[in-house]
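Since the structure comes first, as structure tokens, the remarks are kept for the end.
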2 protein chains.
Amino acid sequence: MPPVPTPNDSSTERRTRLNRDRVLDAGAALADAEGIGALTMRRLGKELGVEAMALYNHVHNKDDLLHGMLDRVAGEIELPDSSPDWRDHVRRRAISAHAVLMRHPWAAGLWTSSINLGPARMRYMDSALRSLDEAGFPPDLLDRAFHTIEDHIVGHALQALGFPLDHDQMMETGEEFLRTFPVDEYPDLAAHIRHHLQDDEDGDGFEFGLDLILDGLERRRSPS
Amino acid sequence: MPPVPTPNDSSTERRTRLNRDRVLDAGAALADAEGIGALTMRRLGKELGVEAMALYNHVHNKDDLLHGMLDRVAGEIELPDSSPDWRDHVRRRAISAHAVLMRHPWAAGLWTSSINLGPARMRYMDSALRSLDEAGFPPDLLDRAFHTIEDHIVGHALQALGFPLDHDQMMETGEEFLRTFPVDEYPDLAAHIRHHLQDDEDGDGFEFGLDLILDGLERRRSPS
DNA sequence: CACCCTATGTTTACAATGTAAATATATACG
DNA sequence: CGTATATATTTACATTGTAAACATAGGGTG
């Protein structure tokens, strides 16, 4: 057999054959690195050493590309094995899902708009629903519980990603901002901003809300 | 004085002068009616009887248009007056905010990405923060409470809008869907879908999650 | 009223983007 | 090998946001 060309040989040698997963992964990598706005078909083609139209052999259209990418990252969510403590399951899976969305900022926006769920997403949902089922939630409550947790995951990720300022930047921008801010018109909002500026956010607000929800679910599950 | 031309006279008479609010309102109306995808500068111009470029005298660019529209709908949120029952305030404002986002499906996606808040949005935030402040929440908890509620509002709206199927459509599509669905591979997900199909969603899942959160906040505020 | 200055609207143009259609090439299989 | 099928390229076009230059109108001042 002839020597197979090394996949990463970039310049002279012929590139490895394209396939759907390579396209999806390159797309995710590009979106991670430069933002979803940089992900154009031409640019992604260039990234793979190929013309834009070549991508259409592996992807129906850009929407298919995006949802394929999404399902790829959905596969990164950790699905804990069963254990008697339902809160532990649910909590860990939710935290992992949230972390994945934060790690791929472009993914959170797609999460809510995907009509056709990919296999990884389905595995994730199935796992989440099973945990709640095994915990003994009756069907209606189970449904509500699942959606409330899901809403919190995606809601928090999107809100957090909407303020893409790291702590230092926020200090600067915020101080500057407060100088021109009509403090007397929105006093509580001003206080809120000030609070964000001085206090190091201790821990993640995500887990606070999550525990609030889990507490409430536990109580509704077994009303004492 | 000469007779002022009627604003709605469409064909022969000269149209009323454009201004920012007319542009923003027409934009919101168009996005409401035909989806955010139909909102192009040319189309919006046509809607107002004007060329696309005329809009740029009243709006810096399309982003400015969108955020202007958003602040317009933020003004639709009801801000309840004070009353001793903090949960009542917070609950009603949250429900109103959620309803507004559901009424303007394009708005929910913008809500999370607005760096510069408009005046209506600021009034809304100020009002929400004041309610929690008057309820006696200490600063850290207040902050967490506000963001958790906000996350729930936007998270639920986006998730709900992501499945834009009314009940009847869902029955059809769902039945059809379940036939080709690998039920044995995702048994709990299949059960979940079945549950959605048969059970009339009694009430809004939004309020369920909201009350879960409010319960938890009440308990954290005054640990018995 | 005449004048002109500024705010508003139009025309033309261009670059970026997704993708259809036709064409070329390479790979696998008989 | 030779041919059919899968893959890649080329060319082209419609749609979009918006820059730049030009046109106009309308109102305040002489």
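In the text below, chain A, chain B and the rest are named by the order of the sequence lines, each starting its count at 1.
Less than 4.0 Å separates DNA chain D from at least one heavy atom of each of the following residues of residues 55-64 of chain A: Asn57(A), His58(A). Using a 4.0 Å cutoff on non-hydrogen atoms, no part of residues 104-114 of chain B comes near DNA chain D.
Distance CG (Leu48(A)) to P (dT9(D)): 11 Å, rounded to an integer number of Å. Between the C1' atom of dT12(C) and the CZ atom of Arg42(B) lies a distance of 11 Å, rounded to the nearest Å. The interatomic distance linking Leu39(B) (CG) with dT15(D) (P) rounds to 17 Å, in whole Å. Nucleotide dT7(D) holds its P atom 9 Å from the CG atom of Asn19(A), rounded to whole Å. Rounding to whole angstrom units, CG of residue Leu44(B) and C1' of dT15(D) are separated by 16 Å. Taking atom CG of residue Leu65(A) and atom P of nucleotide dT17(C), one finds them 14 Å apart after rounding to whole Å. Glu51(A) has its CD atom 6 Å from the C1' atom of dT9(D), to the nearest Å. Residue Arg17(A) contributes atom CZ, which lies 10 Å from atom C1' of dT5(D) at whole-angstrom precision.
Residues satisfying the salt bridge (charged side-chain N to carboxylate O under 4.0 Å, His left out) criterion with Arg72(A), sequence neighbours excluded, are Asp21(A), Asp25(A). Under the rule for a salt bridge (charged side-chain N to carboxylate O under 4.0 Å, His left out), Asp71(A) has no partner lying at least two apart in sequence or in another chain. By the side-chain contact (heavy atoms from CB on, under 4.5 Å) test, Ala26(B) pairs with Leu44(B), Leu48(B), sequence neighbours left out. For Ser114(A), the side-chain contact (heavy atoms from CB on, under 4.5 Å) partners two or more places apart in sequence, or in a different chain, are His67(A), Leu70(A), Leu117(A), Arg121(A). Under the side-chain contact (heavy atoms from CB on, under 4.5 Å) criterion, Glu185(B) pairs with Pro182(B), not counting sequence neighbours. Scored by the side-chain hydrogen bond (donor to acceptor under 3.5 Å, both in side chains) test, Arg42(A) finds no partners at all (sequence neighbours excluded). Residues passing the salt bridge (charged side-chain N to carboxylate O under 4.0 Å, His left out) test with Asp64(B), sequence neighbours excluded: Arg20(B). Scanning for side-chain contact (heavy atoms from CB on, under 4.5 Å) contacts around Met102(A) gives His98(A), Ala157(A), Ala160(A), Leu161(A), with sequence neighbours left out. When the salt bridge (charged side-chain N to carboxylate O under 4.0 Å, His left out) test is applied to Asp133(A), no partner is found at least two apart in sequence or on another chain.
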Got a list of protein N/O to nucleotides 20-23 of chain D N/O distances below 3.5 Å?
none

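Side chain to side chain, Asp151(B) and His152(A) fail the donor-acceptor criterion of an N or O pair below 3.5 Å.
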Can you list the steps and then say if Asp143(B) with His192(A) is a side chain to side chain donor-acceptor pair (under 3.5 Å)? CA-CA 7 Å; Asp143(B) 196 78; His192(A) 177 75; 3.2 Å; yes
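Taking the side chain of Thr40(B) as heavy atoms from C-beta on, and the options dT9(D), dG9(C), dG17(D), the nearest nucleotide is dG17(D).
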